[in-house]
Undergrad: 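Below you'll find the structure I mean.
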Amino acid sequence: MKRVILLGPPGAGKGTQAELLCRRYSIPHISTGNILREAVAAQSELGLLAKSYMDRGDLVPDEVVIALVEERLGEDDCTTHGFLLDGFPRTVEQAQELQRLLQKISLPLTHVVDIQVEDSVLLDRIEARGKESGRSDDSREVAANRLSVFWKQTAPVVEFYQKQGTLQGVDGLGTIDEVHGRIAAIVDASPS
Ligand code: AMP
């Protein structure tokens, strides 16, 4: 059973790669960004709370995101088939909570993959995506803030998994298929 997290800066291609991987392994795709965007569109209580953070490119508070992931991971499809987390954890606190939670339900992560792309490429990629998809936080100013938030708050998450010896880095430059091939080569293999 695959229980995977996909790390990488905004614009690294996490969403696209996550979809391909979830199809390959028939596992649910848990994207905190997608869940939050749906909540914003539905104007739910969660959405109203999250919107201002997302509009600025800041992180939604840990306790909010952790609660929604905890709820989602407790659903049957995750416990029986595994899962892929995309966009979570984004802070060390989230990573620690995730670890506690997975220990509690005896379902440890099997793979931690970090998609690596240089900063200089990311802003252009995010801006191009914004023009195509109309994602409001893909404007150049907000994207620049998302990148700086990534370096401040999320880069330590990469170190967290590096220290545990579970992190596997992948070059995120190349075609979608090439990057997918690199990630799949890692995730196909059982964890060591
Ligand atoms: P994404 O689609 O993963 O780039 O997420 C879009 C936005 O949702 C981010 O810029 C944050 O405002 C919020 N968000 C998504 N995942 C998280 C998370 N794990 N922690 C805090 N905020 C998040």
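Start at 1 and go down the list; that is how both ligands and their atoms are numbered. Note that the structure is a prediction, hence the values are computed from the model and not measured. Just so you know, residue 1 is the first one in the sequence shown, and it goes up from there.
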Undergrad: Applying side-chain hydrogen bond (donor to acceptor under 3.5 Å, both in side chains) as the test, list every pair that has at least one member in residues 156-173; sequence neighbours left out.
TA: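 Listed by first then second residue: Q99-Q164.
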
Undergrad: F83 versus V4: any side-chain heavy-atom pair under 4.5 Å?
TA: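 Counting from C-beta outward, F83 and V4 never come under 4.5 Å.
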
Undergrad: Under a 4.0 Å heavy-atom cut-off, which residues neighbour ligand 1?
TA: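 Those residues closer than 4.0 Å to ligand 1 by some heavy atom are T32, G33, L36, R37, M54, D58, L59, V60, V65, G87, F88, R90, Q94, R135, D137, R146.
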
Undergrad: Looking at Y25, I'd like to know if the NZ or CZ of R23 sits under 6.0 Å from its six-membered ring centre while staying within 45 degrees of the ring's axis.
TA: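 Cation-pi check for R23 and Y25: fails.
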
Undergrad: Please answer whether the main-chain N or O of G13 pairs with a side-chain N or O of Q17 as donor and acceptor at a distance below 3.5 Å.
TA: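 Flag not set: sc Q17 to bb G13 has no pair under 3.5 Å.
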
Undergrad: Before you tell me yes or no, could you show the steps for D86 and K14 under salt bridge (charged side-chain N to carboxylate O under 4.0 Å, His left out), namely the whole-Å CA-CA distance, both residues' side-chain angles and the distance that decides it to 0.1 Å?
TA: CA-CA 7 Å; D86 155 20; K14 287 192 300 295; 5.1 Å; no

Undergrad: Take R129 and D124 through the salt bridge (charged side-chain N to carboxylate O under 4.0 Å, His left out) test and state the conclusion after the steps.
TA: CA-CA 9 Å; R129 176 176 71 187; D124 291 339; over 6 Å; no

